[in-house]
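Below is one structure, written out as structure tokens; the observations come after it.
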Amino acid sequence: MWRYGVSILKPYHYVHCKSYPANSKSNLTKTPVIKSSNSWTLMTTITESDVGILCFISHLPGFRGILKQRYSDFIVNEVDTEGNVVHLTSLDAPPEVAVQEVETKIPDQLNKCYASEIIKFRSLAGDTDADRLEAFINQITSGSEEDICPIVLSPDSDKSHRTAMHNFFKENLRFLVTDTVDGPDSSSKCIRVRLNSGNNNKGRNSKKRKERGDKPYDSRGSSHWPEHLGKFLRFHLYKENKDTQEALGLIGKLLGIQPRSFGFAGTKDKRSVSTQRVTVFKQHASRLAALNERLIGIKVGDFCYVEDDLLLGQLLGNWFTVILRGIVADSEETIKASAESLGRHGFINYFGLQRFGSGSIPTHRIGATLLRGEWQAAASTILDPREGERDFVSKAREYYKETGDIEGTLRQLPRHLVAERAMLQGLKKCPGNYLQALKAIPRTLRMMYVHSYQSYLWNHAASMRVEKYGSNEVVLGDLVYCKGNDAEKVKVVPTEHEDNNFEDAYDYSQLDEISGTDLPEGKNNLVKAITAVDISTGNYTIEDVVLPMPGSRIIYPVNDIANVYHDMAKKDGISLTESVHNTKEFSITSMTGSYRHVFQKPIDFEWELLSYSDGTIALSETDLDKIAKTKPVNLVKEEKPTNGTEGQDPSDHMEHIESFEDDKKFSTDNVEVEGSREAEPPQIHSLPESNSLGTQKALKLAFTLPASCYATMAVRELLKTSTSVAFHKALNQ
């Protein structure tokens, strides 16, 4: 097997992996130096070898090519659960029956006596809240002309009791609706009660939201939605150079709804042109279609109404169209041989660099700190100054480190730094309680740190498997999913999501070309270790081999590969079998674990060698380009080639995430509501070995990958070069 080294500006030289370098050092940039289990010298930028991406499948030489020179060089189309590739084909809203605003009076049941319900509620909530509710109902039934304001019940830190309270209103007082708001302290919540907006007299008892000053209520109680329409509007979201969360935040702001109102199967890479399905609750297609005139770099279309919303993981994968520009190779035969090898043999299914962040603070290092239970150290790592950030962010971090002034720091920190801001808010409520501050980070984001460490171990184990046993045959002790009669002989090993809420169990905000989740291979899949009988019968091939993501309910390979997990974790001061603290979400022993195939072949793989002389001309056709051929589309085409940084701090990769679990307002501080493009620096198109005025070569690839597979790892196998932003930025200079 092969791995790379040497300089970032020169073609890679290759050396055979004769021994597994557990702490190998790359020549690309400085790597972490282990001082102790909990002391690391952080690198300026992360490299592939730092996270266990060490080997290749083929022995073929690589060649030079620039990945994502333009964001339109990387096109991603979601593949739905039926195997259909998702495209934007129409921007028009379908014909709809006009929704007539029905004037509803307070229902007749409000005229009845609710004494029995108040007695029930008194036994559930106590005298104070019962008296408060009784007065509230009396105000409603009296027909008072005064505005009926919501009431807030007593603080309640018992979630199960709050659930019982919510259910009481749903079952007994359906003309009222409830939601939960923050209590007077960090450990308590309060239930807020209001008159159902669909049951007030001509709306006279309800203020407009902007006048009310409250956060928006859930509109699920609306009685104005046509019965013939599904409750969810599904549409295709097309975006250019924007991540999924950013695009939906802009749309939500224009619609006046929260980003959490949208459902989707997975996030797509920011530096790309992508199309995916999205659902939103009780919104009319005409409202969204009207936004197309205002949104730049974002379009919506292909509307239909459905009964169910989209959930994370409800996709088969993604279809990629990738352009590699500035190709320089020994010959076209070299390119052909490499492309055909990728199609036949595939690539090592590593977690790509995007999994670990792209700045000076690798996310798996934060994950390791959390797994050790070092709350203050983890908090400091997230909040402290770091290299490579923009000046105003660095100044804000320095200000906090020097003064400890939370309010002053919050005023300086941009809103896209969700983790930092959430932690500071947590420290403001509970000074010195670093665990609570960490828990204030949206769950999907804070769990990414731990999952990143799992991925770090998996990558190293995969490299060891390839280096020691090759990539051609299964060996004794390999793990595989059972086939045929084998499934009756082994115990079920559940996947990671089986005993967790799917939406909470894994991060869905991975800003990458993957789906955003590591999907279980199947709820009832069984895993076993290869035996001598299996090898003699030939029932299993190298494509069947899987490796575990560490957890309490997985098994490890019955060979040397298992040692990689435990040895590397031990060096980081982590046990994979025992937890040193009682915080379950930061403990591998409290996660069930999952499995991932070691090798992956691109599906429906196609490639084509192109020639071009103008670097500003697109070499692939987007969905919007196809629509524009038949109908003019208002989309500003001002893409400027960049160095891959989009004018922002690359270390912000993890912090640009907007959580759907919190009611945080989506930040548009750095972009206009209409989604106009951020300014991008100019870029030099010429390559060291090519004439900028002459003809250059480009390689066009098209293929499908299952969810959670990284297209960048397929490109890496082809080029035999790093996929890091730093490497491809250097090629552009």
Side-chain angles (χ1 to χ4, degrees), residues 1-6 11-18 48-49 52-68 73-74 317-353 459 462-475 513 540-547 596-610 697-706 709-724 727-728 731:
M1 296 306 100
W2 303 84
R3 59 177 180 156
Y4 60 79
V6 197
Y12 278 64
H13 298 288
Y14 306 96
V15 293
H16 196 274
C17 294
K18 296 181 179 179
E48 290 180 345
S49 61
I53 303 173
L54 300 169
C55 300
F56 297 99
I57 288 180
S58 79
H59 293 65
L60 295 171
F63 53 91
R64 176 174 296 178
I66 306 173
L67 176 65
K68 298 186 183 181
D73 288 344
F74 201 88
N318 295 290
W319 169 262
F320 297 93
T321 305
V322 181
I323 302 294
L324 302 174
R325 293 180 182 258
I327 296 294
V328 178
D330 294 337
S331 65
E332 289 192 10
E333 286 302 315
T334 297
I335 300 171
K336 179 180 179 180
S338 296
E340 291 180 348
S341 175
L342 177 62
R344 284 196 308 270
H345 305 296
F347 58 95
I348 304 170
N349 196 21
Y350 287 123
F351 290 96
L353 284 176
N459 275 1
S463 289
M464 177 65 160
R465 169 60 180 80
V466 174
E467 177 204 337
K468 186 161 187 176
Y469 299 116
S471 58
N472 296 319
E473 299 176 339
V474 295
V475 298
E513 73 271 17
Y540 296 94
T541 69
I542 193 66
E543 295 178 19
D544 298 314
V545 176
V546 298
L547 282 172
R596 180 179 178 89
H597 279 100
V598 178
F599 304 99
Q600 178 64 52
K601 288 183 181 179
I603 303 165
D604 299 325
F605 178 65
E606 300 173 357
W607 66 275
E608 179 184 5
L609 199 59
L610 306 173
K697 295 290 186 182
L699 182 61
K700 181 178 182 179
L701 310 171
F703 53 88
T704 298
L705 291 180
C709 294
Y710 287 72
T712 51
M713 293 297 97
V715 172
R716 174 183 177 273
E717 175 69 31
L718 185 70
L719 298 180
K720 299 297 190 300
T721 60
S722 170
T723 58
S724 72
F727 179 83
H728 289 273
L731 288 181

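- Atom-to-atom distance recorded for Leu610:CG and Leu324:CG is 10.5 Å, nearest 0.5 angstrom.
- Closest non-hydrogen pair, Val474 versus Tyr540, comes out as CG2-O, 3.8 Å.
- Within the model, atoms CG of Leu60 and NZ of Lys720 stand 5.5 Å from one another, a figure rounded to the nearest 0.5 Å.
- Looking only at side-chain heavy atoms (C-beta outward), Phe320 and Val715 stay at 4.5 Å or farther from each other.
- Within the 3.5 Å criterion, the main-chain N or O of Gln600 finds no donor-acceptor partner in the side chain of Asn349.
- Residues Ile603 and Trp319 have side chains not in contact (no heavy-atom distance under 4.5 Å, counting atoms from C-beta outward).
- Across Leu67, Val322, Ile53, a single residue satisfies side chain to side chain contact (heavy atoms under 4.5 Å, CB included) together with Thr712, and that is Leu67.
- Considering all non-hydrogen atoms of both residues, Met713 and Gly352 come closest at CE-CA, 3.9 Å.
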For residues 336-345, please give each side-chain donor-acceptor pair under 3.5 Å, one per line with the distance, not counting sequence neighbours.
from	atom 1	to	atom 2	distance (Å)
Ser338	OG	Thr334	O	3.1

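- Annotation: side chain to side chain contact (heavy atoms under 4.5 Å, CB included) contacts of Ile542 (sequence neighbours excluded): Arg465, Val545, Phe599.
- Taken from CD in Glu48 to OG1 in Thr723, the straight-line distance is 4.0 Å, to the nearest 0.5 Å.
- The two atoms that bring Ala329 and Ile335 nearest to each other are CB-CG1, 3.7 Å, heavy atoms only.
- Cys55 and Tyr350 get closest at one heavy-atom pair: N-OH, 3.1 Å.
- Annotation: cation-pi geometry satisfied between Arg596 and Phe351 (NZ/CZ under 6.0 angstrom from ring centroid, within 45° of ring axis).
- For Glu332, the CD atom counts as loosely surrounded, since its 6.0 Å shell holds 12 or fewer non-hydrogen atoms of other residues, nucleotides or ligands.
- In this structure, Phe74 and Ala711 approach most closely via the heavy-atom pair CZ-CB, 3.9 Å.
- Put simply, CZ on Arg325 and CG on Leu699 are 12.5 Å apart, with the number rounded to the nearest 0.5 Å.
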Checklist entry - Hey, mind stepping through Leu701 and Phe605 against side chain to side chain contact (heavy atoms under 4.5 Å, CB included) and telling me if it holds? => result CA-CA 7 Å; Leu701 310 171; Phe605 178 65; 4.1 Å; yes
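- Evaluation of the side chain to side chain contact (heavy atoms under 4.5 Å, CB included) rule for Glu543 yields Thr541, Lys601 as partners, not counting sequence neighbours.
- Partners of Lys700 under the side chain to side chain donor-acceptor pair (under 3.5 Å) rule, at least two apart in sequence or in another chain, do not exist in this structure.
- Here the straight-line distance linking atom OH of Tyr710 with atom CG of Leu353 works out to 9.5 Å at 0.5 Å rounding.
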Item to check | Derivation of the side chain to side chain contact (heavy atoms under 4.5 Å, CB included) call for Phe703 and Asp604 | outcome: CA-CA 5 Å; Phe703 53 88; Asp604 299 325; over 6 Å; no
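- Glu606 pairs by the salt bridge (charged side-chain N to carboxylate O under 4.0 Å, His left out) definition with nothing, not counting sequence neighbours.
- Scanning all heavy atoms of the two residues, the minimum distance from Ser471 to Ile57 falls at OG-CG2, 3.6 Å.
- Rounded to the nearest 0.5 angstrom, Ile323 CD1 and Ile66 CD1 are separated by 13.0 Å.
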